[in-house]
Student: 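Dropping a structure here in structure tokens format, bear with me for questions.
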Amino acid sequence: MHVRAVAVTTTALLGVALTAPLSHARGGEAGGDGPTVVAHRGASGYAPENTLAAVDRAADLGIRWVENDVQRTRDGELVVLHDESLARTTDVEEVFPDRSPWKVKDFTAAEIARLDAGSWFGPEYAGARVPTLEQYVNRVDRNHQKLLLELKSPGLYPGIERQTLKVLANEGWLDRRHVAGRLVVQSFDADSIRTVHDLKPAVKTGFLGTPAVSDLPAYAEFADQINPSYGSLSMSYVSAVHAFTGPHGRPLEVLTWTVNDADTARRVAGYDVDGIITNKPDVVRDAVD
């Protein structure tokens, strides 16, 4: 029996019919009855992370869910990149040698659009660009994929929750079809996820981390998923999370990250997780099928 510490609000109940549990899609997306497989930053084991090439590589592998990170430029554009600095995954140090420490928030969208975000990974990806959020979600949509979207370091970008939801709405991602089972917004920042839930209660949300079991009733007010690293995971913890009901009236889900080998994938699948986030989605899919 699934319980909550407090009653679900009327507003949240409106989202119940719109929001399908991730586990309902397991068989069709992992190829069997195992947990849903999510391509971390796209298929980032095989293509440069968070690029359109990584999204396409995941699609080529038959992976329906992709994860990405969103940040904001100096002039207010949302772009898809993991690190706060552009240095690791672009040629920003060569193009703008005097702009250390090369933070995303210190560059305009036009400046970032000049950068090569693929050569660091391999010469065949030379010229790949840092995509805007609009470009990214449109590619995901074109590939008929689903999106786990992380708000990266939201404390650096006041108001990014509302802005992200606006972009998603403008690009058609907040209609019934997408919200029903193709979109989850997550973050390490609980206040940010609470804000997303308050602004758009129908959207599924996830908290990245491993809250104490005693704190789960509070998280269940605004998060549909608790998404811990696999090193912090145990069968008893997954069971404890599943015992609570989230804001859409369904048991809380657990997605774990970042699992890249078959043995670990089988181990965490045995914990009854709902999803596994991975750089090598084909390896994990084959292991848990």
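Note that these values count all heavy atoms, side chains included, but never hydrogens, waters or copies made by symmetry.
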Student: So Y219 and F207, would you call those rings parallel, tilted or perpendicular, with 30° and 60° as cut-offs?
Tutor: tilted
Student: Is S187 reaching over with its side chain to a backbone N or O of L151, donor-acceptor style, under 3.5 angstrom?
Tutor: yes
Student: Could you walk me through whether V185 and T164 pass the side chain to side chain contact (heavy atoms under 4.5 Å, CB included) test, one step at a time?
Tutor: CA-CA 10 Å; V185 179; T164 298; 5.7 Å; no
Student: Going by the angle between their ring planes, with limits at 30° and 60°, are H197 and H248 parallel, tilted or perpendicular?
Tutor: perpendicular
Student: Would you list the pairs meeting ring pair (Phe, Tyr, Trp, His ring centres under 6.0 Å) in which at least one residue belongs to residues 68-104, sequence neighbours left out?
Tutor: F96-F107
Student: Can a donor-acceptor pair be found, under 3.5 Å and without considering hydrogens, that links the side chain of S239 to the backbone of M235?
Tutor: no
Student: Nearest 0.5 Å please: distance from the CD atom of Q145 over to the CG atom of D56.
Tutor: 7.5 Å
Student: Is a side-chain donor or acceptor of T210 paired with a backbone partner of P228 at a separation under 3.5 angstrom?
Tutor: no
Student: Evaluate the side-chain proximity of V283 to T278: yes if any heavy-atom separation is below 4.5 Å, no if none is.
Tutor: no
Student: Heavy-atom distance under 4.5 Å between the side chains of N138 and E171, does that happen here?
Tutor: yes
Student: Does the side chain of K152 reach to within under 4.5 Å of the side chain of Y157, using non-hydrogen atoms?
Tutor: no
Student: Would a 4.5 Å heavy-atom cut-off, applied to side chains only, mark T108 and R74 as touching?
Tutor: yes
Student: Suppose we screen for side-chain hydrogen bond (donor to acceptor under 3.5 Å, both in side chains). Which residues come up paired with S192, at least two apart in sequence or across chains?
Tutor: E161
Student: Evaluate V254 against L233 for side chain to side chain contact (heavy atoms under 4.5 Å, CB included), listing each step before the verdict.
Tutor: CA-CA 10 Å; V254 178; L233 207 57; 4.2 Å; yes
Student: So how far is it from Q186 CD to L149 CG, rounded to the nearest 0.5 Å?
Tutor: 8.5 Å
Student: Distance from T132 atom OG1 to E77 atom CD, nearest 0.5 Å?
Tutor: 5.5 Å
Student: Measure across L52 and R139 and return the closest heavy-atom pair with its distance rounded to 0.1 Å.
Tutor: CD1-NH2, 3.5 Å
Student: For V213 and A240, work out which heavy atoms get closest and say how close.
Tutor: CG2-CB, 3.9 Å
Student: Output yes when a side-chain donor or acceptor of D274 lies under 3.5 Å from a complementary backbone atom of L255, and no otherwise.
Tutor: no
Student: Can you tell me how far CD1 of I160 sits from CD of Q71, rounded to the nearest 0.5 angstrom?
Tutor: 7.5 Å
Student: Give the minimum heavy-atom separation between K200 and L174, together with the two atoms involved.
Tutor: CE-CD1, 4.0 Å
Student: Do D224 and P247 make a side-chain contact, defined as non-hydrogen atoms from C-beta onward lying under 4.5 Å apart?
Tutor: yes
Student: Are H178 and D141 packed together at the side-chain level, in the sense that at least one heavy-atom pair is separated by less than 4.5 angstrom?
Tutor: yes
Student: Output all residues satisfying ring-ring contact (aromatic ring centres under 6.0 Å, His included) with F121, sequence neighbours left out; order by chain, then residue number.
Tutor: Y125
Student: What heavy-atom pair brings I63 and V37 nearest, and what distance separates the two atoms?
Tutor: CG2-O, 3.8 Å
Student: Could you check if a side-chain atom of W65 sits within less than 4.5 angstrom of a side-chain atom of V184, using non-hydrogen atoms only?
Tutor: yes
Student: OG1 of T73 to CG of L78: how many Å apart, nearest 0.5 Å?
Tutor: 7.5 Å
Student: As a quick check of understanding, evaluate side chain to side chain contact (heavy atoms under 4.5 Å, CB included) for V268 and V238, giving each step before the final call.
Tutor: CA-CA 10 Å; V268 298; V238 175; over 6 Å; no
Student: Side-chain donor-acceptor pairs under 3.5 Å in residues 43-50, sequence neighbours left out?
Tutor:
| unit_1 | atom_1 | unit_2 | atom_2 | d |
| --- | --- | --- | --- | --- |
| S44 | OG | H40 | O | 2.7 |
| S44 | OG | N279 | OD1 | 2.9 |
| Y46 | OH | D282 | OD1 | 2.6 |
| Y46 | OH | D282 | OD2 | 3.3 |
| E49 | OE1 | R41 | NH1 | 3.2 |
| E49 | OE1 | R88 | NH1 | 3.4 |
| E49 | OE1 | R88 | NH2 | 3.4 |
| E49 | OE2 | R41 | NH1 | 3.2 |
| E49 | OE2 | R88 | NH2 | 2.7 |
| N50 | ND2 | D69 | OD2 | 3.0 |

Student: Is any side-chain heavy atom of R129 closer than 4.5 Å to a side-chain heavy atom of Q135?
Tutor: no
Student: For the pair T36 (side chain) and G275 (backbone), establish whether a donor and an acceptor sit closer than 3.5 Å, ignoring hydrogens and angles.
Tutor: no
Student: I'd like to know if the side chain of T90 reaches the main chain of A117, judged simply by a donor and an acceptor atom lying under 3.5 Å from each other, with no hydrogens or angles considered.
Tutor: no
Student: Which pair of heavy atoms, one from V55 and one from N143, lies closest together, and at what distance?
Tutor: CG1-ND2, 3.5 Å
Student: How far does CG of L252 sit from CD1 of I226, to the nearest 0.5 angstrom?
Tutor: 6.0 Å
Student: Verify side chain to side chain contact (heavy atoms under 4.5 Å, CB included) between F222 and D198, making sure each step is shown before the conclusion.
Tutor: CA-CA 8 Å; F222 58 87; D198 290 344; 5.8 Å; no
Student: Can you name the residues that form a side chain to side chain contact (heavy atoms under 4.5 Å, CB included) with D98, not counting sequence neighbours?
Tutor: none
Student: Ring centroids only, cut at 6.0 angstrom: are W257 and F188 within range, meaning strictly under it?
Tutor: yes
Student: Considering non-hydrogen atoms only, spot the tightest contact between D189 and G155 and give its length.
Tutor: OD2-N, 4.5 Å
Student: Does L81 share a hydrophobic cluster with W120, counting links as ILVMFWY side-chain heavy atoms below 4.5 Å and allowing steps through other members?
Tutor: no
Student: What pairs with D261 under side-chain hydrogen bond (donor to acceptor under 3.5 Å, both in side chains), at least two apart in sequence or on another chain?
Tutor: T264
